[in-house]
Asker: 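First, the structure itself, so that you have it in front of you.
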Amino acid sequence: MAGTSPKGSQTVVLIIDPDPLYQRALRDRLLRLGYTARSVDDTEAAQAVLEATPPDLVIASGLTTQADSWGDLQTNLNTWGIPLLALEEDAAQIASSPDEEALRAQVSEALSSRKLQDALAAENARLAAERLFDTATGLFNRRYMMIRVEEEIKRSSRHGYPLSCLILDIDKFDAVNEQWGNHVGDTILRDMAHIVTRTMRATDIVARYRDDEFIALLTDTDASGAQIAANRLRDAVSTYVFKADPDGEAITLTGSVGVAYWEPTNRPGEGTWEPQLIALAERALRAAKLSGPNRLVMLQAA
């Protein structure tokens, strides 16, 4: 049908005007153009619609935009990213005007700004995700872990739950890169990410910490539970068959693990802080690396 668009029925337009004749005339024209149209008498009713089922576009008359409460509605429109089209025509002009293409053009132009805002929002969300994810392994990154460890320490302190932090380092990983190349090293990092996530519990928080180090925050986990988890992870690494390529030579690797554990029940209401917990796990990891490959060292946080 002329004047309609394939996606018109999916586009909801909200009309705001105190004149029922204006509402009906504009609503009829929008429906003929293929849009879904709703109408309300004032900004208070429009606020309720925005909170319940936000439209794609708001059309208001010049009189409506001069109302005292218009500022609050405009703020909400900006928050939702909903474009506004202000029309100066009255009900008689709208009803008698034969030029519906002009109205379509105005609506399309207003909606295009919504598409641009949606695209910008999607891009911002993508960039935000990239700031929290490690692109090489698909795991969260160090930035995300620093956010979560602070939250979990507060939670553990509040409820008296134990908390442990585990850092795994791949033994002699530099030799892998030297012998087989960085592309094989990248494959091993992805495999290691799979091993860590598969070995840890679903409630544990796992991230790539730096280079060939992986970190896990073990929620509600005391020293005994952390030791079991760390040994399970070391066994999973040492028994996994890494390969330079699907049909290539098998590569045997091990991992050293440092663990810091914290028992807030020893001093109710008092707790450690996130750099201290992670720094202690790093110190435990250094001690494990110095004592030989495939070792585990555990330290208790104050």
Side-chain angles (χ1 to χ4, degrees), residues 122-149 164-202 204-218 226 229-260 274-275 277-299:
E123 178 64 10
N124 289 335
R126 184 187 66 80
L127 292 174
E130 286 184 353
R131 287 194 292 268
L132 297 178
F133 280 90
D134 173 60
T135 55
T137 63
L139 295 179
F140 290 113
N141 60 20
R142 182 176 178 176
R143 179 195 297 268
Y144 177 82
M145 180 57 71
M146 297 305 292
I147 296 172
R148 288 304 309 273
V149 72
S164 298
C165 179
L166 172 157
I167 301 179
L168 165 76
D169 179 272
I170 304 174
D171 295 323
K172 301 179 181 178
F173 185 68
D174 289 342
V176 172
N177 285 327
E178 291 174 3
Q179 182 173 353
W180 282 284
N182 290 333
H183 67 286
V184 174
D186 291 341
T187 299
I188 288 175
L189 288 175
R190 288 191 290 272
D191 287 347
M192 192 64 70
H194 171 69
I195 293 170
V196 176
T197 53
R198 183 191 65 188
T199 306
M200 297 294 102
R201 303 169 303 176
D204 296 331
I205 303 160
V206 177
R208 184 183 181 190
Y209 192 50
R210 61 163 71 92
D211 299 329
D212 59 328
E213 293 180 356
F214 296 83
I215 186 170
L217 196 62
L218 313 180
N231 283 325
R232 186 171 63 240
L233 179 58
R234 288 194 304 128
D235 290 342
V237 173
S238 63
T239 57
Y240 189 87
V241 179
F242 298 91
K243 288 191 174 183
D245 58 69
D247 300 320
E249 179 184 351
I251 302 173
T252 300
L253 294 173
T254 59
S256 297
V257 180
V259 172
E274 61 279 3
L277 185 67
I278 293 179
L280 196 62
E282 289 180 330
R283 193 199 310 174
L285 176 62
R286 287 194 295 271
K289 298 287 287 185
L290 288 173
S291 63
N294 199 23
R295 296 299 180 91
L296 165 64
V297 172
M298 300 181 62
L299 296 175

Asker: Whether the side chain of Thr199 engages the backbone of Val196 through a donor-acceptor N/O pair (distance < 3.5 Å, no angle test) should be reported.
Answerer: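 No: the side chain of Thr199 does not pair with the backbone of Val196.
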Asker: Can you measure from CG (Asp235) to CD1 (Ile195) and round to the nearest 0.5 angstrom?
Answerer: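 Answer for the CG-CD1 pair, Asp235 versus Ile195, is 11.5 Å.
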Asker: If I compare all heavy atoms of Val257 with all of Ala288, which pair ends up nearest, and what's the gap?
Answerer: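 Shortest heavy-atom contact: O-CB, 3.7 Å.
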Asker: What distance do Phe173 atom CZ and Met192 atom CE have between them, rounded to the nearest 0.5 Å?
Answerer: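 The CE atom of Met192 is 8.0 Å from CZ of Phe173, to the nearest 0.5 Å.
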Asker: Which residue pairs pass the salt bridge (charged side-chain N to carboxylate O under 4.0 Å, His left out) test with at least one member in residues 179-198, sequence neighbours excluded?
Answerer: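 Output for this query is empty, none listed.
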Asker: Should we count CZ of Arg143 as having more than 12 external heavy atoms under 6.0 Å?
Answerer: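 Check fails, neighbour count at 12 or below.
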Asker: Regarding Thr254 and Asp171, do their side chains bring together a donor and an acceptor under 3.5 Å, going by distance alone?
Answerer: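 Asp171 and Thr254 do have a side-chain donor-acceptor pair below 3.5 Å.
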Asker: If I take atom CG from residue Leu166 and atom CD1 from residue Ile215, how far apart are they, to the nearest 0.5 angstrom?
Answerer: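 CD1 of Ile215 is found 8.5 Å from CG of Leu166.
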Asker: Which atom pair, heavy atoms only, marks the closest approach of Ser256 to Leu285?
Answerer: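 Scanning both residues, the minimum pair turns out to be O-CD1, 3.3 Å.
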Asker: Judged by modelled atom types alone, do Asp134 and Thr137 share a side-chain donor-acceptor pair under 3.5 Å?
Answerer: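 Result is yes, a qualifying pair exists.
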Asker: Quick one, Leu253 and Ile251 - any side-chain contact, counting heavy atoms below 4.5 Å?
Answerer: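 Yes. Closest side-chain heavy atoms under 4.5 Å.
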Asker: How many angstroms lie between atom CZ of Arg234 and atom OG1 of Thr239, to the nearest 0.5 angstrom?
Answerer: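 Answer rounded to 0.5 Å: 12.0 Å.
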Asker: Salt bridge or not between Arg201 and Asp204? Use side-chain N to carboxylate O under 4.0 Å.
Answerer: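 Yes.
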Asker: Can you see which heavy atom on Asn177 is nearest to which on Gly185, and at what distance?
Answerer: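 Scanning both residues completely, I find the closest heavy atoms to be OD1-CA, 3.3 Å.
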Asker: In this structure, which one of Ile170, Ile167, Asp169 forms a side-chain contact (heavy atoms from CB on, under 4.5 Å) with Phe214?
Answerer: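 With Phe214 as partner, side-chain contact (heavy atoms from CB on, under 4.5 Å) holds for just one option, Ile170.
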Asker: If you measure from CG on Leu299 to SG on Cys165, what distance do you get to the nearest 0.5 Å?
Answerer: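 Those atoms lie 11.5 Å apart.
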Asker: Does some side-chain heavy atom of Asn141 sit less than 4.5 Å from a side-chain heavy atom of Tyr209?
Answerer: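 They are not in contact (no side-chain heavy atoms under 4.5 Å apart), so the answer is no.
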Asker: For Val259 versus Ala226, what's the shortest heavy-atom pair and its separation?
Answerer: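 The answer is CG1-CB, 3.8 Å.
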Asker: Could you check whether Phe140 and Phe133 have their ring centres less than 6.0 Å apart?
Answerer: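 Centroid distance Phe133-Phe140: below 6.0 Å, so yes.
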Asker: Step by step, would you call Arg210 with Glu282 a salt bridge (Lys or Arg N to Asp or Glu O under 4.0 Å)?
Answerer: CA-CA 12 Å; Arg210 61 163 71 92; Glu282 289 180 330; 3.1 Å; yes
Asker: Could you list the residues that satisfy side-chain hydrogen bond (donor to acceptor under 3.5 Å, both in side chains) with Asp174, not counting sequence neighbours?
Answerer: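 Partners of Asp174 by the side-chain hydrogen bond (donor to acceptor under 3.5 Å, both in side chains) criterion come out as none, since no residue qualifies.
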Asker: Got a second to check how far Ile205's CD1 is from Ile147's CD1, nearest 0.5 Å?
Answerer: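 The CD1 atom of Ile147 is 11.5 Å from CD1 of Ile205, to the nearest 0.5 Å.
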Asker: How far apart are the closest heavy atoms of Gly255 and Leu168, and which atoms are they?
Answerer: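 Heavy-atom minimum between the residues: CA-CD1, 3.6 Å.
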Asker: Without swapping roles, check the side chain of Arg208 against the backbone of Asp211 for a donor-acceptor pair under 3.5 Å.
Answerer: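 Checked: pair present.
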Asker: Under a 4.0 Å threshold between the charged nitrogen and the carboxylate oxygen, would Glu213 count as salt-bridged to Arg142?
Answerer: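 Between Glu213 and Arg142 there is no salt bridge, as every charged N stays at least 4.0 Å from the carboxylate O atoms.
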Asker: Measuring only between side-chain heavy atoms, which start at C-beta, is Asp212 closer than 4.5 Å to Ile188?
Answerer: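 Asp212 vs Ile188: side chains apart.
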Asker: Is there a side-chain contact between Ile278 and Met146, using heavy atoms and a 4.5 Å cut-off?
Answerer: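 The answer is yes, as the side chains (C-beta and beyond) meet within the 4.5 Å cut-off.
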